[in-house]
Amino acid sequence: MADRPNPFEVTVGPGGESVLPDETPPPPPAGPWARVWGRFRRHRLGYVSLWILAAMLLVSTLAEVLSNDRPLLARIDGQWYLPVLDNPSEKQLGGDFGTPADWKDPLVVGLVAKPGNWALYAPNPHGANSRDDFNGGLPPAPPGALNWLGTDPKGRDMVARLLYGFRVSIWFALALTVVGTALGIAAGALQGYFGGRTDLYVQRFTEIWGALPELLLLILFASIFEPSLLLLLILLSLFGWMGLADYVRAEFLRNRSLEFVKAARALGLGSGQIIWRHVLPNSMTPVISFLPFRMSAGILGLTALDFLGLGVPGTVPSLGELLKLGKENLYAWWVIVPTFALLMVTMLLLTFIGDALRDAFDTRKS
């Protein structure tokens, strides 16, 4: 006869709790980050907005594959070419000139049309700065089969300008957010943890630095140096950390007097270890909650500077430049309306994500 389990026998579960043979051990409690992610997912608008923004970021990052006036792959007279990476000269393709091939030139089009030759183009066969001088139209051209959203007053395809311009804006905002956040955390942590004279001196420096006319300095540097994304990133980062530093400072002032920090000091841990391992992780709630709003400020800041002519060079795709061109050519509604719509959608998505993050880190919500 098989042995029967003793119904009164008590075993010990993985957490040390008593478990009867016919009972299923309860699942282990979710960690703090798992609970935050669960609350974020329940915020449907913010959760869906995160995925939409991620898709937009991915599409814009792959702009060369989706919108390019050069083929992605070509085979001419038995030779393989990757024009999207290394554009061959017209002479290499069988033409007369040694300049880079213009794949919209009727001569190059004729070479591609020869038997055995072919080229694989992007879905939108236009680059960010390319102009189609062979279609006979005068810019700005309205939407049509050749240009789905028309062309801007300089004859450039609007789909390409929006796609590349959004990529510049979103990645610039990400870089600005990372650099500004790092500076804000460093300054706020220094003030909040050490307090006293350190807090006083850094706070006075912050007040004096914040009183400097940022726009005037941007105009001054724009007149001295050649405009570039790196210069804008440095200048805006130098002024974009102060608001976040105040929140980090307040969190550090609150957390430095908690029992686990006192215990860490009693164990002989250094200030750097205590800040990095104990105080900072418990002070990140306002930092993470503010990241989407900081990205919004970065996108709008770059757009405003480009609109005023103080931003990136004209060869770099820019949403601000499109808004400026749209203002100067109000009859060409296809320039300003899609640009404004893209900016509005992006700002709404970031706002919904920020609201979801704020609610996700609210411990009062289950």
Side-chain angles (χ1 to χ4, degrees), residues 46 48-70 84 122-131 140 143 147-180 227-230 232-233 236 240 291-327 329 332-354:
V48 173
S49 298
L50 176 63
W51 284 107
I52 295 176
L53 186 65
M56 294 172 63
L57 178 61
L58 177 62
V59 168
S60 65
T61 303
L62 300 176
E64 281 82 4
V65 179
L66 300 174
S67 182
N68 209 314
D69 57 345
R70 295 177 294 178
V84 67
N124 183 47
H126 304 283
N129 294 303
S130 63
R131 295 182 54 182
N147 304 98
W148 304 333
L149 290 179
T151 62
D152 67 3
K154 296 183 179 181
R156 300 168 300 189
D157 181 70
M158 279 296 300
V159 172
R161 293 298 290 183
L162 289 172
L163 187 60
Y164 284 83
F166 178 78
R167 182 175 67 177
V168 170
S169 296
I170 195 70
W171 280 109
F172 178 84
L174 279 171
L176 182 62
T177 299
V178 170
V179 176
S228 67
L229 283 172
L230 180 59
L232 286 177
L233 178 62
L236 294 179
L291 290 182
F293 302 106
R294 293 180 62 83
M295 283 190 61
S296 299
I299 294 175
L300 291 178
L302 180 63
T303 302
L305 290 175
D306 291 335
F307 182 83
L308 296 174
L310 303 175
V312 297
T315 56
V316 178
S318 166
L319 299 181
E321 183 199 23
L322 287 178
L323 290 178
K324 181 180 180 181
L325 293 175
K327 181 184 74 70
N329 301 270
W333 58 266
W334 54 87
V335 176
I336 195 169
V337 171
T339 308
F340 181 78
L342 179 60
L343 280 172
M344 182 182 65
V345 169
T346 305
M347 295 301 105
L348 286 175
L349 292 176
L350 288 171
T351 301
F352 294 149
I353 294 172

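- Residues Arg167 and Glu64 have side chains in contact (heavy-atom distance under 4.5 Å, counting atoms from C-beta outward).
- Considering every non-hydrogen atom in both Pro140 and Trp334, the closest pair reads O-CZ2, 3.4 Å.
- Separation of atoms CG (Leu349) and CE (Met295) is listed at 10.5 Å; rounding is to 0.5 Å.
- Of the possible polar contacts, one joining the Ser130 side chain to the Gly127 backbone as a donor-acceptor pair under 3.5 Å is found.
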#### Entry: Intermediate values then yes/no, side chain to side chain donor-acceptor pair (under 3.5 Å), Trp171 and Ser60
CA-CA 10 Å; Trp171 280 109; Ser60 65; 4.9 Å; no
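- Residue pairs satisfying the side chain to side chain donor-acceptor pair (under 3.5 Å) criterion with at least one member in residues 316-326, sequence neighbours excluded, are listed as follows: Lys154-Glu321, Arg156-Glu321, Arg161-Glu321, Asp306-Ser318.
- Panel note: side chain Tyr164, backbone Ser67; a donor-acceptor pair is recorded below 3.5 Å.
- With hydrogens and angles disregarded, no donor-acceptor distance shorter than 3.5 Å links the side chain of Asn147 to the backbone of Asp157.
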### Task
Apply side-chain contact (heavy atoms from CB on, under 4.5 Å) to the pair Leu343 and Leu323, showing each step before the final yes or no.
CA-CA 10 Å; Leu343 280 172; Leu323 290 178; 3.7 Å; yes
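- Shown here for Leu162 and Pro338, the closest heavy-atom pair between the two residues is CD1-CB, 3.7 Å.
- Rounding to the nearest 0.5 Å gives a distance of 9.0 Å between CE of Met158 and CG of Leu325.
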### Message
Working note: Val335 + Phe340, criterion side-chain contact (heavy atoms from CB on, under 4.5 Å); need CA distance, chi angles, decisive distance, verdict.
### Response
CA-CA 9 Å; Val335 176; Phe340 181 78; over 6 Å; no
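- Scanning all heavy atoms of the two residues, the minimum distance from Pro123 to Leu66 falls at CD-O, 3.4 Å.
- Nearest heavy atoms, Arg70 versus Val84: NH2-O, 3.5 Å.
- The shortest distance between side-chain heavy atoms of Val312 and Leu302 falls below 4.5 Å.
- Within the 4.5 Å cutoff, the side chain of Leu319 has no heavy atoms near those of the Val168 side chain.
- The main-chain N or O of Pro143 is never found under 3.5 Å from a side-chain atom of Trp148 such that the two would form a donor-acceptor pair.
- In this structure, CG on Leu53 lies 5.0 Å from CD1 on Ile170, to the nearest 0.5 angstrom.
- What you find for Pro292 and Leu350 is that their closest heavy atoms are CB-O, 3.3 Å.
- Atom OG1 of residue Thr339 and atom CZ of residue Phe166 lie 12.5 Å apart, to the nearest 0.5 angstrom.
- Closest approach of Asn329 and Pro153 over heavy atoms only: ND2-CG, 3.2 Å.
- Contact annotation: the side chain of Leu229 never approaches that of Leu233 to less than 4.5 Å [non-hydrogen atoms, C-beta and beyond].
- The shortest side-chain heavy-atom distance between Leu174 and Val178 does not fall under the 4.5 Å cut-off.
- Taken to the nearest 0.5 Å, the OG atom of Ser169 stands 12.0 Å off from the CG atom of Leu176.
- Rounding to the nearest 0.5 Å places CZ of Phe293 at 12.5 Å from OG1 of Thr177.
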